[in-house]
Amino acid sequence: MPELLSPTPDLHRSWTAARREWGPDAHLDGAGPGYEDDVESPEGFAAWTEKLRGYADRSRPVGHGSVHATHWWIAEGGTYLGAIDLRHYLNGFLLDAGGHIGYGIRPSARRRGLATWALSEVLHEARILGMDRVLLTCDPDNEPSVRTIERCGGVLEDVRETLVGPKRRYWIDLGAAGPRR
């Protein structure tokens, strides 16, 4: 049974294996380290996971261009399967291209319904934070993400050109009539 975990150094080896599956230059949606983050050494990885956990603390400032966000890792039996993050609010870039929620499933764990499961769980967390609706985006040709978002109640607003290329933009209403876990 999968679970959502706060980022932890305990999954360093498994996270590193997942990163190799994606390839060295891949952007890891929901779990991507910055260029300055050392994720290779155990010490650097522990510091990075602590930084990710810290983004959820609204009393702490975040860096320029960042927003407060809660990060979870999707894991099962001590194996890192993917990640999902909930951005507590949007800046201009996220409103245009990134949305409130980002997620990614390692290639060897895909086609198991993990993204749909994790997104449903995080929509519940968004409600707890008092959010009324959330924005999700994906590449126009990313059919698995299109299906995941639509299964969870996403309504297509439009497809538009953004700073990072074309994106499909979906809103999910979290009100009384919105999707439930």
Side-chain angles (χ1 to χ4, degrees), residues 3-12 14-16 18-19 22 24-75 80-106 115 118-139 145 149 152 154 157 160-165 167-175 178 181:
E3 59 184 330
L4 293 180
L5 302 175
S6 187
T8 174
D10 296 342
L11 295 180
H12 183 214
S14 183
W15 184 92
T16 303
R19 184 178 190 199
W22 266 298
D25 298 325
H27 171 75
L28 307 181
D29 288 321
Y35 294 109
E36 72 285 355
D37 294 312
D38 166 21
V39 295
E40 298 304 324
S41 74
E43 300 80 16
F45 191 80
W48 176 62
T49 59
E50 182 178 341
K51 181 172 98 171
L52 288 179
R53 291 188 307 272
Y55 281 124
D57 184 351
R58 298 283 294 262
S59 69
R60 295 170 53 179
V62 293
H64 177 73
S66 296
V67 299
H68 288 96
T70 304
H71 295 266
W72 293 275
W73 287 356
I74 305 161
Y80 174 91
L81 302 174
I84 188 164
D85 68 320
L86 171 63
R87 297 153 194 139
H88 300 181
Y89 50 89
L90 300 176
N91 59 19
F93 171 77
L94 293 173
L95 180 62
D96 182 50
H100 287 99
I101 299 172
Y103 57 85
I105 305 297
R106 72 189 288 175
L119 179 54
S120 294
E121 294 293 312
V122 170
L123 292 175
H124 175 73
E125 296 296 329
R127 284 186 196 90
I128 291 170
L129 282 177
M131 300 171 93
D132 295 326
R133 66 184 194 145
V134 293
L135 174 67
L136 286 94
T137 69
C138 68
D139 291 345
S145 267
I149 295 166
C152 289
E157 177 183 52
R160 68 174 69 167
E161 191 62 38
T162 73
L163 292 172
V164 294
K167 294 290 178 186
R168 294 176 67 93
R169 295 168 35 89
Y170 289 90
W171 289 95
I172 298 177
D173 179 12
L174 301 176
R181 303 194 304 162

For the pair [X] (side chain) and [Y] (backbone), establish whether a donor and an acceptor sit closer than 3.5 Å, ignoring hydrogens and angles.
{"X": "Thr162", "Y": "Gly165", "answer": "yes"}
{"X": "Ser14", "Y": "Leu11", "answer": "no"}
{"X": "Arg169", "Y": "Leu95", "answer": "yes"}
{"X": "Arg106", "Y": "Arg19", "answer": "no"}
{"X": "Arg87", "Y": "Gly98", "answer": "yes"}
{"X": "His12", "Y": "Glu40", "answer": "yes"}

Quick check on Glu50: does its CD atom have over 12 non-hydrogen neighbours (other residues, nucleotides or ligands) under 6.0 Å away? no

Decide yes or no for [X] and [Y]: does some side-chain heavy atom of the first lie under 4.5 Å from some side-chain heavy atom of the second?
{"X": "Trp73", "Y": "Thr49", "answer": "yes"}
{"X": "Val122", "Y": "Thr70", "answer": "no"}
{"X": "Leu135", "Y": "Ile101", "answer": "no"}
{"X": "Met131", "Y": "Leu86", "answer": "yes"}

Single hit among Asp139, Thr137, Asp96 for side chain to side chain donor-acceptor pair (under 3.5 Å) with Lys167: Asp139

For Tyr55 and Arg53: C-alpha separation, side-chain torsions, deciding distance, then whether side-chain hydrogen bond (donor to acceptor under 3.5 Å, both in side chains) applies. CA-CA 6 Å; Tyr55 281 124; Arg53 291 188 307 272; over 6 Å; no

For residues 61-69, run the donor-acceptor check on the side chains, cut-off 3.5 Å, and write out each pair with its distance to 0.1 Å, sequence neighbours left out.
{"from": "His68", "atom 1": "ND1", "to": "Tyr89", "atom 2": "OH", "distance (Å)": "2.8"}
{"from": "His68", "atom 1": "NE2", "to": "Asp57", "atom 2": "O", "distance (Å)": "3.3"}
{"from": "His68", "atom 1": "NE2", "to": "Arg60", "atom 2": "O", "distance (Å)": "2.6"}

Interatomic distance, CG@Leu81 vs CD1@Ile74, rounded to 0.5 Å, equals 7.0 Å

d(Ile172 CD1, Cys152 SG) to nearest 0.5 Å is 6.0 Å

Check step by step if side-chain hydrogen bond (donor to acceptor under 3.5 Å, both in side chains) holds for Tyr103 and Ser145. CA-CA 9 Å; Tyr103 57 85; Ser145 267; 3.0 Å; yes

Geometric class of the Trp22/Tyr80 ring pair [parallel <30°, tilted 30-60°, perpendicular >60°]: perpendicular

Check Asp37 with Lys51, please: is the shortest side-chain N to carboxylate O separation under 4.0 Å? yes

Please name the pair of heavy atoms, one in Ala97 and one in Val164, separated by the smallest distance, quoted to 0.1 Å. CB-CG2, 3.8 Å

Holding to side-chain hydrogen bond (donor to acceptor under 3.5 Å, both in side chains), I want the full list of residues that pass it with Asn91, two or more places apart in sequence or in another chain. none

